[in-house]
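Predicted, not measured: the structure shown is a model, and the values here were computed from it.
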Amino acid sequence: MKWEVVIGLEVHTQLSTQSKIFSSASTAYGAEPNTQTSVVDVAMPGALPVMNRGAVERAIQLGLAIGGKINRKSIFARKNYFYPDLPKGYQISQFELPVVEGGAIEIQVGDVTKVINVTRAHLEEDAGKSVHEDCHGMTGIDLNRAGTPLLEIVSEPEMRSAAEAVAYAKALHSLVTWIGICDGNMQEGSFRCDVNVSVRPEGQQELGTRREIKNLNSFKFMEQAIKFETQWQIDQIEDGHKIQQATILFDPDSGETRMMRSKEDAHDYRYFPDPDLPPLCISEDWIERVKSEMSELPQLMRERFSTQYGLSAYDASTLTSSKDMAVYFEAMVAAGADAKLAANWIMGDVSATLNREEKSISDSPVSAAALASLVKRVMDNTINNKTAKDVLKKMWESGDTADVIIERDGLKQTTDTGAIEAIIDEVLAANAKAVEEYKSGKLAAINSLMGQCMKASKGKANPGMVTEILTKKLS
C-alpha cells in the first residue's frame, strides 16, 4: 500500500516589541532569571492586563503581508491548563475570533511552486521556562519569558512532504523577518514550530490521526523529525496498531520522536472569553496607517527586480530571499554597477565567502559601494574577471578599496593591441603542435593557446582581445 503524509504547521513567532503583550516588563533576551517580570506576568492578585498596541500592529502587518482578513473585532480568551511555568493556570490567547483569518504563503520546492493556505494567526502570551540543568536535582522556574508576545500562525494541512514543510517554514521565517515583526532567532526561541503529522492511504480523503511534534527550532531537525515520524506511523499501522493522538518531542541525538503526553483537543482547554480584556477593535484607519508604513513585500520586489533590472525569475527570487541582500543589491546598482553583474557577484563569490565564514550579508566586510567599484573596473576593462576575484579576496581581508589594490599590485589589464599581438606571436611560435592541431580541425586546441597567452601576460591581457586576435592569426 502507498501512503501519503499530511502535514500542518503551527508557528510561534515572538513579536519584536520591547515590552510584553500585557505588561511593561522587558522582552530582552538573556537576563538573569526572574528579573524581567511584573505583577501581571506573575499573576499577582488584582493585577490587570493591558494590551500592547505594538503587538497588534505587528499582527496587522502579517495579515496584510499574506493577504489575510484582519478581523475588525477579535476576542481574547483564557486557555486553561496546568503547567509549572504558567503562573495564572491559564494562558491568554485567542480562540473563536483571531486577529487574522486566511491568507497564503507561496513556497518553492525544486522547480515546483505551491501555495500553502493559512488558517489563522492569533495573538497570545508565552509561558515561562522550566530550568533543570542548574538546579541540582530540582526544577527551577524562570518567568522572564512569561507574557512575551506571540503570534501563532496556523497553516492548513496542505503539505505532503518534509521538504514542503521546511520550505513553508523557511518562507514564513523570511517573511516575518523581512517585515520586521520578529527577529527570527531560532536559537533563542523567537521562531518555534509545532508540526502536526499524520498518514493515510494514498487517495483517501479522510485525515489520519495526527501527532504533534513540539518546539522545533531548527529547519534541519524539522526535516529529520518529520521523516522519522512519518515512517514510524506507517510502520505502526502496517503492524496492526492504531495511532494515538499525542504531543511528541524530537530527540536530535537519537533522531527519533518520543511521546510527551496524550494530545488535548480544544474543549479540554475550557476556553472562555477573558473578562479582564475587552474585545480588540481594529479600525480601517489603523489598518491603512500600518499598510502605508510597511516596506515593499518580497513578492512585489521580485517582480520589480525582473522588470526593472531584467533579471531572471531565479536571480530575482534569490536576491529577495532576505531583505538585507535585496538592499545590498540595489545599493550596488545605485553605485553604478551593472545589475546582472551585481547579481552574479552577490550570488557567487560574496555568498560563497559569507557561507564559509557563517556570516550574513549585513556583516560583509566589503560594502555594496565597495563591491560596485570593483565591478565597474571589470565593466571598463581595467581588470578582467579572474583578476577581480583575487582583488575581492584582498578587499575582504584588508578593507582596502579595489582601486588601491589594483594600483598597488599593478593589476591593470593590458589593452595595447601591439603588446598583445607580440605575446600571441611568441606563444604561436613556441606551440607549433597546438597550432597544427587547431588548423587540422581540433578546435579545442585554441583553449590551450589561450591559456598560454594569458599566462605569458601574467593574467593582465584583456581576454576578449586575446581571443579576437588569436582567432584571426589562426584563420
Side-chain angles (χ1 to χ4, degrees), residues 9-38 41-42 52 54-55 57-59 61-62 83-87 91 93 121-135 139-154 165-166 168-195 213-225 249-253 260 321-324 354-355 357-363:
L9 264 66
E10 300 169 12
V11 178
H12 294 84
T13 304
Q14 180 175 318
L15 299 175
S16 57
T17 57
Q18 294 183 347
S19 57
K20 296 184 178 180
I21 190 167
F22 300 121
S23 81
S24 59
S26 173
T27 58
Y29 180 81
E32 288 295 313
N34 299 306
T35 59
Q36 293 184 168
T37 60
S38 77
D41 307 322
V42 299
N52 184 326
E57 294 191 344
R58 284 159 176 78
Q61 284 182 271
L62 187 280
Y83 220 62
D85 50 19
L86 191 67
Q91 177 190 33
S93 183
H122 59 265
L123 288 162
E124 64 182 20
E125 62 179 344
D126 205 349
K129 180 181 179 182
S130 297
V131 182
H132 309 285
E133 56 271 15
D134 299 322
C135 295
T139 297
I141 301 297
D142 178 9
L143 295 178
N144 280 349
R145 201 169 68 186
T148 295
L150 300 178
L151 185 65
E152 182 174 344
I153 305 162
V154 183
V166 170
Y168 170 83
K170 285 183 175 180
L172 187 55
H173 182 272
S174 177
L175 178 62
V176 297
T177 54
W178 182 289
I179 62 178
I181 68 171
C182 174
D183 65 19
N185 192 317
M186 300 181 77
Q187 290 72 35
E188 295 178 0
S190 297
F191 188 89
R192 315 189 298 270
C193 302
D194 298 341
V195 183
I213 313 171
K214 293 289 287 186
N215 290 330
L216 294 167
N217 63 351
S218 156
F219 299 128
K220 177 183 176 182
F221 293 159
M222 178 187 293
E223 183 172 21
Q224 292 174 349
L249 296 174
F250 175 68
D251 184 347
D253 295 327
M260 184 168 70
S321 60
S322 80
K323 192 171 187 177
D324 287 340
L354 290 170
N355 289 338
E357 297 183 359
E358 297 183 345
K359 292 180 177 178
S360 66
I361 198 162
S362 59
D363 300 320

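For residues 141-153, the salt bridge (Lys or Arg N to Asp or Glu O under 4.0 Å) pairs, not counting sequence neighbours, are Asp126-Arg145. For the salt bridge (Lys or Arg N to Asp or Glu O under 4.0 Å) condition, the pairs that include at least one residue of residues 15-38, sequence neighbours left out, are Lys20-Asp41.
One N or O on the side chain of Thr27 and one on the backbone of Thr17 form a donor-acceptor pair closer than 3.5 Å. Listed for the Glu125 side chain is no donor-acceptor partner under 3.5 Å among the backbone atoms of Ala146.
Every residue meeting the side-chain hydrogen bond (donor to acceptor under 3.5 Å, both in side chains) condition with Ser190, not counting sequence neighbours, appears here in chain and number order: Asp183. Every residue two or more places apart in sequence or in another chain was checked for a side-chain hydrogen bond (donor to acceptor under 3.5 Å, both in side chains) with Lys170, and none qualifies. Every residue was checked against the side-chain hydrogen bond (donor to acceptor under 3.5 Å, both in side chains) condition with Asp324, not counting sequence neighbours, and none meets it. Under the side-chain contact (heavy atoms from CB on, under 4.5 Å) criterion, Tyr29 pairs with Glu188, sequence neighbours left out. By the side-chain contact (heavy atoms from CB on, under 4.5 Å) test, Asp363 is found to be paired with Lys359, Ser360, residues two or more places apart in sequence or in another chain being considered. Residues forming a ring pair (Phe, Tyr, Trp, His ring centres under 6.0 Å) with Phe22 (at least two apart in sequence, or on another chain): Phe76. Listed by chain and number, the residues in a salt bridge (charged side-chain N to carboxylate O under 4.0 Å, His left out) with Lys129 amount to none (sequence neighbours excluded). In this structure, the side-chain contact (heavy atoms from CB on, under 4.5 Å) partners of Ala121, at least two apart in sequence or on a different chain, are Leu62, Val100, Leu151, Ile153. The side-chain hydrogen bond (donor to acceptor under 3.5 Å, both in side chains) test applied to Glu223 returns Lys227, not counting sequence neighbours.
Residues Ser130 and Thr139 come closest through the heavy atom pair CB-CG2, 4.0 Å. Nearest heavy atom pair, residue Phe219 against residue Phe191, reads CE2-CE2, 4.4 Å. Taking all atoms of both residues into account, the shortest heavy-atom contact from Ser218 to Met186 is N-CE, 3.6 Å. Closest approach of Gly189 to Gln14, counting heavy atoms only: O-OE1, 4.2 Å. The two residues Glu124 and Ser93 have their closest heavy-atom pair at OE1-OG, 2.8 Å. Heavy-atom minimum distance, Ala31 versus Gln36: CB-OE1, 3.3 Å.
Side-chain atoms of Leu150 and Leu123, non-hydrogen and from C-beta on, never get closer than 4.5 Å to each other. Between Leu15 and Ile21, the closest side-chain pair of non-hydrogen atoms is not below 4.5 Å. A heavy-atom distance below 4.5 Å is not found between the side chains of Arg58 and Thr13.
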As a quick check of understanding, evaluate side-chain contact (heavy atoms from CB on, under 4.5 Å) for Asn215 and Asp194, giving each step before the final call.
CA-CA 5 Å; Asn215 290 330; Asp194 298 341; 3.9 Å; yes

Might you work through the side-chain contact (heavy atoms from CB on, under 4.5 Å) test for Asn144 and Thr37, ending with a clear yes or no?
CA-CA 6 Å; Asn144 280 349; Thr37 60; 4.2 Å; yes

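To the nearest 0.5 Å, atom CG of residue Leu143 and atom CG of residue Asp85 are 7.5 Å apart. The CD atom of Glu358 sits 9.0 Å away from the CG atom of Asn355 when rounded to the nearest 0.5 Å.
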For a quick test of your reading: what N or O donor-acceptor pairs under 3.5 Å do the side chains of residues 173-180 make, sequence neighbours left out?
unit_1: His173; atom_1: NE2; unit_2: Gly184; atom_2: O; d: 2.7
unit_1: Ser174; atom_1: OG; unit_2: Ser321; atom_2: O; d: 3.0
unit_1: Thr177; atom_1: OG1; unit_2: His173; atom_2: O; d: 2.9
unit_1: Thr177; atom_1: OG1; unit_2: Ser174; atom_2: O; d: 3.0
unit_1: Trp178; atom_1: NE1; unit_2: Glu296; atom_2: O; d: 2.8

